[in-house]
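Remember, it's a predicted structure, so these values are computed and weren't measured experimentally. Positions are given from 1, in the same order as the sequence printed here.
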Amino acid sequence: MTKHPRFLLACAALFSLAGCAKQNPQMPELKTEVGQLNQKLQRLTDLAIALEQQTTLNRQSSTGVYLLPAAKSAALLKSDIGQLEVQLTRVAPDATGIQAVLEIKNTSGQPLPPFTASLSWGQLDPVTGKPLTVDMQTQTITVEPDLLPGPVKTVEVKFNQVTVDTLGFVHLHNILATPPAQPVVATATTPVVAK
């Protein structure tokens, strides 16, 4: 007799498990949401890793500032023209490589003077996370004075022969203030009168 109640209990448990085995109509929706959450988590993880790499590169750098497009974050640079906050934005492919906007801001709020700088770019070593100098390219950028000087300058830049996936770093360095242009001095001359 003691086996009979146990048998009934086992049958009841099997029936309840069979009911759980039927697919819940919300299950596909839940799987989609879990997949989307996993993608967001992966993007956040990649962003955190890139930001940590950018911070490490800048901590170890004695010249200029490194920007990693994957970090999507600004970096600070102490330069001869003041403390600057530099950020790479609007990174997009074009016919010959990549176009982007380099935003340079004087953190003190003072107007930025005209200046020149070197801008290098290339790939990161996948093992060490350090810049590879093998195929690194460099260009000079010139920031001209504005009619209304301000603390922020935006410079459109092009990075040739790379793709969004292969552009690992951008290095802004050799920032030099451009000396002001000498004013043209007009000299007065006495008109010659023909006789």
Side-chain angles (χ1 to χ4, degrees), residues 43 46-184:
R43 282 195 298 269
D46 293 344
L47 186 65
I49 290 169
L51 187 55
E52 184 178 337
Q53 280 181 308
Q54 178 175 292
T55 303
T56 301
L57 284 173
N58 285 321
R59 196 176 298 129
Q60 296 171 351
S61 175
S62 58
T63 61
V65 66
Y66 283 94
L67 299 170
L68 304 188
K72 299 180 181 177
S73 179
L76 293 177
L77 167 66
K78 289 183 181 178
S79 74
D80 293 340
I81 61 172
Q83 180 165 300
L84 307 176
E85 182 180 287
V86 186
Q87 186 168 7
L88 194 64
T89 61
R90 293 187 247 160
V91 179
D94 75 355
T96 59
I98 295 174
Q99 61 182 3
V101 172
L102 187 66
E103 186 178 286
I104 305 166
K105 178 183 178 183
N106 189 339
T107 59
S108 71
Q110 296 296 318
L112 280 170
F115 64 91
T116 61
S118 297
L119 194 64
S120 303
W121 68 94
Q123 297 182 27
L124 291 174
D125 185 314
V127 176
T128 65
K130 294 187 177 183
L132 291 173
T133 56
V134 175
D135 291 322
M136 186 173 74
Q137 299 180 58
T138 302
Q139 65 178 303
T140 300
I141 61 170
T142 303
V143 176
E144 300 290 341
D146 290 333
L147 291 174
L148 297 171
V152 179
K153 300 278 186 184
T154 56
V155 182
E156 291 186 13
V157 291
K158 289 184 65 99
F159 305 114
N160 294 325
Q161 301 172 350
V162 291
T163 64
V164 173
D165 294 332
T166 60
L167 179 64
F169 73 93
V170 174
H171 184 212
L172 180 69
H173 53 106
N174 294 338
I175 298 174
L176 299 171
T178 306
Q182 297 296 325
V184 177

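Residues forming a side-chain hydrogen bond (donor to acceptor under 3.5 Å, both in side chains) with K153 (at least two apart in sequence, or on another chain): D146. Residues passing the side-chain contact (heavy atoms from CB on, under 4.5 Å) test with Q60 are T56, K130, sequence neighbours excluded. By the side-chain hydrogen bond (donor to acceptor under 3.5 Å, both in side chains) test, T128 pairs with no residue at all, sequence neighbours left out. In this structure S108 satisfies the side-chain hydrogen bond (donor to acceptor under 3.5 Å, both in side chains) test together with N106, sequence neighbours excluded. Residues meeting the side-chain contact (heavy atoms from CB on, under 4.5 Å) test with H173, sequence neighbours left out: S118, S120, H171. Not counting sequence neighbours, the partners of D46 by the side-chain hydrogen bond (donor to acceptor under 3.5 Å, both in side chains) test are Q42. Residues passing the side-chain contact (heavy atoms from CB on, under 4.5 Å) test with L176, sequence neighbours excluded: T116.
Every pair passing ring pair (Phe, Tyr, Trp, His ring centres under 6.0 Å) that includes a residue from residues 86-139 is listed here, sequence neighbours excluded: W121-F159. Screening residues 80-110 for ring pair (Phe, Tyr, Trp, His ring centres under 6.0 Å), with sequence neighbours left out, gives no hits. Counting only residues at least two apart or on different chains, no ring pair (Phe, Tyr, Trp, His ring centres under 6.0 Å) pair has a member in residues 78-107.
D165 contributes atom CG, which lies 10.5 Å from atom CD of Q123 (distance to the nearest 0.5 angstrom). To the nearest 0.5 Å, the span separating CZ on F169 from CE on M136 amounts to 5.5 Å.
In this structure, L112 and V143 have side chains that are not in contact, with every pair of non-hydrogen atoms separated by 4.5 Å or more. Here the side chains of L84 and I175 are in contact, with some heavy-atom distance below 4.5 Å.
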Check the pair V155, L119 against side chain to side chain contact (heavy atoms under 4.5 Å, CB included), reporting the backbone distance first and the verdict last.
CA-CA 11 Å; V155 182; L119 194 64; over 6 Å; no
Please walk me through it: do I141 and L172 pass side chain to side chain contact (heavy atoms under 4.5 Å, CB included)?
CA-CA 10 Å; I141 61 170; L172 180 69; 4.0 Å; yes
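At most 12 heavy atoms of other shown residues, nucleotides or ligands fall within 6.0 angstrom of atom CG in D135. Shown here is Q161, whose CD atom has no more than 12 heavy atoms of other residues, nucleotides or ligands within 6.0 Å. Crowding of E52 atom CD: a count of heavy atoms from other residues, nucleotides or ligands under 6.0 Å not exceeding 12.
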With a 3.5 Å cut-off and sequence neighbours excluded, list the donor-acceptor pairs that the side chains of residues 86-103 form with protein atoms.
unit_1 : atom_1 : unit_2 : atom_2 : d
T89    : OG1    : V101   : O      : 3.4
D94    : OD1    : T96    : N      : 3.2
D94    : OD1    : G97    : N      : 2.9
D94    : OD2    : K158   : NZ     : 2.3
T96    : OG1    : N160   : OD1    : 3.1

Run the side-chain donor-acceptor check on residues 63-82: report pairs under 3.5 Å with partners two or more places apart or on a different chain.
unit_1 : atom_1 : unit_2 : atom_2 : d
S79    : OG     : I81    : N      : 3.2
S79    : OG     : G82    : O      : 2.8

